[in-house]
4 protein chains.
Amino acid sequence: MSVGGEQERPVALRADARRNREQIIAAARTLFSEVGVDVPMEEVARAAGVGVGTLYRRFSDRDELIKAVGLDNVTLLVDLAHQAERSEADPAAALIRLLRTTLELRLDITVMALSPRAFQAIQESHAIAQQRDEVIAAARRLLRRAQQAGTIRPDIDVGDMMLALFLLSRLVMPAADELGEMAFQRLFTLVVDGLRATSGSPLPGRPFDQHDLEVLRQGGMRVIDKPTVTGQG
Amino acid sequence: MSVGGEQERPVALRADARRNREQIIAAARTLFSEVGVDVPMEEVARAAGVGVGTLYRRFSDRDELIKAVGLDNVTLLVDLAHQAERSEADPAAALIRLLRTTLELRLDITVMALSPRAFQAIQESHAIAQQRDEVIAAARRLLRRAQQAGTIRPDIDVGDMMLALFLLSRLVMPAADELGEMAFQRLFTLVVDGLRATSGSPLPGRPFDQHDLEVLRQGGMRVIDKPTVTGQG
Amino acid sequence: MSVGGEQERPVALRADARRNREQIIAAARTLFSEVGVDVPMEEVARAAGVGVGTLYRRFSDRDELIKAVGLDNVTLLVDLAHQAERSEADPAAALIRLLRTTLELRLDITVMALSPRAFQAIQESHAIAQQRDEVIAAARRLLRRAQQAGTIRPDIDVGDMMLALFLLSRLVMPAADELGEMAFQRLFTLVVDGLRATSGSPLPGRPFDQHDLEVLRQGGMRVIDKPTVTGQG
Amino acid sequence: MSVGGEQERPVALRADARRNREQIIAAARTLFSEVGVDVPMEEVARAAGVGVGTLYRRFSDRDELIKAVGLDNVTLLVDLAHQAERSEADPAAALIRLLRTTLELRLDITVMALSPRAFQAIQESHAIAQQRDEVIAAARRLLRRAQQAGTIRPDIDVGDMMLALFLLSRLVMPAADELGEMAFQRLFTLVVDGLRATSGSPLPGRPFDQHDLEVLRQGGMRVIDKPTVTGQG
DNA sequence: TATGAATGAGCCTTCATTCAT
DNA sequence: TATGAATGAAGGCTCATTCAT
């Protein structure tokens with residue numbers, strides 16, 4: 001599962017250094033997801049149990065950290081996507097489970113950039129792009145199979161599905177809140193229902209494919225601020 | 001149902017001052033929606049064509065500006081909601097049009113606070129709360145009628161609908177971009193399809209009502225950072 | 001009681017304009033004394049019952065206002081000083097009453113500038129300097145008479161007395177506070193006791209005359225910030 | 001009588017950090033005293049030879065800096081007061097030397113708050129209040145002894161003495177100015193003469209004790225702006 | 001190497017002064 | 001002319017990043 005990319009340290013890190021690196025990425029993944037990619041670097045360092053100096057030694061600036069988290073995420077996603085493809089089950093079910101897992105693991109940062117800054121950063125990474133394309137390709141294959149099986153509506157393509165994923169990614173479920181969890185599950189189900197074959201209205205325009213998604217990313221659509229449904233800080 | 005709230009200027013402003021005030025609110029509405037409520041005040045001022053000083057003369061601080069935009073939005077929404085109720089048409093269609101207009105006019109800030117800060121600020125305004133409750137009540141009445149007509153799925157309540165609206169609000173359509181516009185329309189339709197009676201899976205949990213929404217707001221669910229689908233708008 | 005000075009408007013002001021001018025000076029005298037010469041101009045205008053525009057029409061900037069207040073004060077002081085000289089009474093008593101009245105009317109701004117800025121401003125006014133010199137000369141004559149009568153200690157000159165006045169001027173008595181008033185009266189008496197002939201220790205150095213005072217003003221001694229004995233804003 | 005207060009850093013600072021902290025407090029003590037507690041933070045930082053960021057790292061805001069300076073001052077004062085008590089000499093002389101040292105070291109900020117802001121800040125610190133009370137208690141003991149020895153006038157209490165100290169604190173002696181130094185010494189002596197037993201007039205009202213001082217602080221008396229005897233220091 | 005201290009640029013807000021009504 | 005609106009410079013504070021220990 002070696003990744004191979006421009007983010008890779010050329011030489012193997014010492015055990016403790018590797019541990020630091022992983023703790024930082026783990027902390028950043030959570031905080032990026034819950035607080036946003038603008039979270040203060042000190043907060044990331046604190047959550048990782050290291051000093052800022054160490055953080056900066058591992059990741060020369062915020063963008064590098066974003067890329068590292070992104071690569072880590074997308075690497076996991078490639079595995080998940082391949083697993084989904086390999087499962088014998090109903091392709092729609094596999095696809096939906098993939099979506100859900102992506103959200104539950106908060107891996108969405110890579111699929112759709114979280115902020116202009118994150119997008120910028122991720123754009124620069126060839127390794128991420130490559131892996132992401134593979135995830136999308138796998139998702140697309142699953143989608144096609146589900147559409148042929150008649151369980152997902154025929155008038156969408158993988159771009160539409162990614163946008164739906166993106167929407168859902170805006171809801172983050174704090175660990176210990178039952179109501180929030182329920183809200184997420186309900187909305188997830190509701191949106192997935194919209195993806196199903198039984199859904200009524202023909203969608204306006206034409207199916208969105210990966211290329212459309214790319215164009216959209218380049219300069220089309222903005223989505224907005226650190227929103228919240230809560231009063232929490 | 002006269003508005004008169006704590007944001008209301010008691011005395012008439014001079015013509016130029018009123019014009020500036022309106023320009024500032026308009027600029028803030030757009031920027032809050034597109035960039036977030038943390039957008040630099042200077043940027044708001046510049047977009048409104050005034051100096052920062054003018055902005056601060058009208059709105060003593062950022063929170064006041066947020067409240068003013070919120071009240072302005074919700075006041076518009078009350079009108080729209082009542083119009084929707086009065087329309088003889090299919091209640092589901094009226095409801096969906098209300099959702100769409102809300103999004104197109106970027107009035108969503110009031111329905112679901114965009115950030116902890118916005119939430120705080122809006123909480124303090126009795127006038128906003130009152131108007132918002134009226135909007136939600138009207139939406140609920142429409143929802144009930146549509147459910148009785150069998151055109152909206154029966155297992156949801158107004159809270160679910162508001163959450164769906166919130167999700168969609170994360171997609172903002174830049175004026176002159178056809179692809180972005182199409183993306184929005186497709187996703188809007190897709191999510192609305194999920195709201196329809198024909199939709200398949202029973203939603204987990206129980207219908208979300210306004211009270212659940214309130215609880216969620218108080219401290220339940222977080223949603224995340226200034227996301228983007230694009231590199232830059 | 002015509003003043004004659006570079007601050008004088010060349011032509012007579014209309015009655016309402018004159019009234020405005022006087023109200024502004026009165027407000028400024030109080031606020032300069034109670035809040036400091038850095039008090040916001042809007043606050044001065046409000047206290048005077050006019051708009052800032054009017055204030056600035058009468059006084060081109062803060063320095064002009066300071067000069068106007070200063071000239072007004074010193075003009076009053078000249079009268080008071082001459083009255084004190086004319087009184088047949090004990091010269092020490094006359095002198096002490098002059099000091100007390102100066103403080104109670106808060107005319108001290110002119111004697112010792114209230115801030116670097118005020119000092120600067122006042123320096124520029126020939127009219128003020130002239131009147132101030134006359135006040136000091138009168139005080140000096142009284143002082144000499146009192147010293148010859150043996151009621152004021154012989155080892156001081158008018159400069160020392162002015163410094164004592166300056167010290168006392170740091171205590172401002174809010175209108176309706178009995179304790180504050182008592183504090184002022186006690187300290188006033190205590191300092192005056194230090195000026196009396198019965199006082200024990202010979203003062204170090206040599207008597208401070210008006211010239212020393214001038215030198216001190218030019219660049220010698222600083223005194224400090226908006227102090228308070230209270231928690232009030 | 002160990003100090004340990006809320007301003008105390010619990011852990012030892014790194015050598016350079018400690019040095020900076022001390023330089024900042026030293027710079028702030030001087031500037032607060034000479035320019036006022038409203039002196040720009042950048043100016044404090046510059047005087048301490050550090051950047052603003054460093055200043056803010058040590059003291060989270062201006063109030064914390066004020067408290068730190070206050071605690072530092074009052075801690076020194078407690079030592080000085082106890083030394084004064086221990087000295088075998090004439091209690092009046094010891095008391096007067098204590099007053100003089102307080103002024104020469106510019107420790108007065110704690111005894112009488114320099115501004116509403118300083119007062120507020122200092123109020124919040126239990127550690128400062130405690131130490132200040134001890135200083136005042138020691139001063140009171142000295143005062144009593146001197147009064148019993150017949151060398152200080154009997155009709156005053158410690159509150160009066162603190163007010164006298166406050167008055168004198170308004171004169172700040174710039175290091176290298178002989179005339180300013182002489183002015184200070186003369187006025188100091190003059191005021192002290194007013195405190196002596198030989199002084200003539202009975203003071204109006206009643207002796208001011210520590211409680212009166214407290215009441216006065218709470219809301220009674222205001223004293224005024226950044227005054228100066230000079231054009232510029 | 002890990003740490004956390006220092007730096008300084010950037011955004012927030014206030015207010016002196018000018019200008020339009 | 002009186003008013004109060006508009007401007008923008010200045011000072012407060014935060015935080016990304018660099019550097020000394």
Side-chain angles (χ1 to χ4, degrees), chain A residues 13-14 16-17 20 38-46 48-65 117, chain B residues 11 13-21 24 38-45 48-65, chain C residues 13-14 16-17 20 38-46 48-65 117, chain D residues 11 13-21 24 38-45 48-65:
Chain A
L13 291 170
R14 266 172 26 194
D16 55 344
N20 273 346
D38 292 331
V39 63
M41 293 296 261
E42 291 237 18
E43 206 170 313
V44 175
R46 197 170 336 113
V50 302
V52 252
T54 304
L55 196 166
Y56 273 93
R57 161 171 290 269
R58 291 291 160 240
F59 307 98
S60 62
D61 61 13
R62 181 184 295 277
D63 284 353
E64 288 308 311
L65 180 56
R117 171 150 212 181
Chain B
V11 297
L13 290 171
R14 234 167 60 180
D16 54 345
R18 173 191 303 276
R19 194 171 348 100
N20 277 338
R21 187 171 204 277
I24 291 169
D38 293 330
V39 63
M41 293 296 259
E42 290 231 22
E43 205 169 314
V44 175
V50 302
V52 251
T54 302
L55 197 167
Y56 276 95
R57 162 174 280 266
R58 269 327 130 220
F59 307 99
S60 59
D61 60 14
R62 181 184 295 277
D63 285 353
E64 288 308 310
L65 180 56
Chain C
L13 292 169
R14 267 173 26 195
D16 55 344
N20 273 346
D38 293 331
V39 62
M41 293 296 260
E42 292 235 19
E43 207 170 311
V44 175
R46 197 172 334 114
V50 301
V52 251
T54 304
L55 196 166
Y56 273 93
R57 161 171 291 270
R58 292 290 160 241
F59 307 98
S60 62
D61 61 14
R62 180 184 296 276
D63 285 352
E64 288 307 311
L65 180 56
R117 173 152 210 180
Chain D
V11 298
L13 289 172
R14 233 167 60 182
D16 54 346
R18 173 191 302 276
R19 194 171 348 100
N20 277 339
R21 187 172 203 277
I24 291 168
D38 293 330
V39 63
M41 292 297 258
E42 289 232 22
E43 205 169 314
V44 176
V50 302
V52 251
T54 302
L55 197 168
Y56 277 96
R57 162 175 280 267
R58 270 326 132 218
F59 307 98
S60 59
D61 60 12
R62 182 185 294 277
D63 284 353
E64 287 308 310
L65 180 56

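Residue numbers begin at 1 in each chain, while the letters A, B, ... track the order of the sequences.
By the 4.5 Å heavy-atom criterion applied to side chains, D/Arg19 and D/Asp16 are counted as neighbours.
Rounding to the nearest 0.5 angstrom, the gap separating the CG atom in D/Asp38 from the CD atom in D/Glu43 is 11.5 Å. From A/Glu64, atom CD reaches atom CG of A/Leu55 across 12.0 Å, with rounding to the nearest 0.5 Å.
Atom CZ of D/Phe59 is separated from atom C1' of F/dT14 by 18 Å (rounded to the nearest Å). As rounded to whole Å, 10 Å separates atom P of E/dT13 from atom CG of B/Leu55. Note: CG (B/Leu65) to C1' (E/dC12) measures 13 Å, nearest angstrom. To the nearest angstrom, C1' of E/dT3 lies 13 Å from CZ of A/Arg58.
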Protein proximity profile, nucleotides 14-21 of chain E - base contact B, sugar-phosphate-only contact S, no contact -, cut-off 4.0 Å on heavy atoms: BBSBB-BS

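Listed by chain and number, the residues in a salt bridge (charged side-chain N to carboxylate O under 4.0 Å, His left out) with B/Glu42 amount to none (sequence neighbours excluded). For D/Ala48, the side chain to side chain contact (heavy atoms under 4.5 Å, CB included) partners two or more places apart in sequence, or in a different chain, are D/Gln23, D/Ile24, D/Ala27, D/Val50. Residues forming a side-chain hydrogen bond (donor to acceptor under 3.5 Å, both in side chains) with D/Asp63 (at least two apart in sequence, or on another chain): D/Arg117.
Remark: DNA chain F takes part in the stems E:2-21 with F:2-21, each of 3 or more antiparallel Watson-Crick or G-U pairs, criterion distances under 3.5 Å.
The residue among A/Gly51 and B/Glu43 whose nearest nucleotide of DNA chain E is located toward the 5' end is A/Gly51.
When atom types are taken as modelled, the side chain of B/Arg21 and the backbone of B/Phe59 share no donor-acceptor pair closer than 3.5 angstrom. Looking only at distances, no side-chain donor or acceptor of D/Arg58 sits under 3.5 Å from a matching main-chain atom of D/Leu65.
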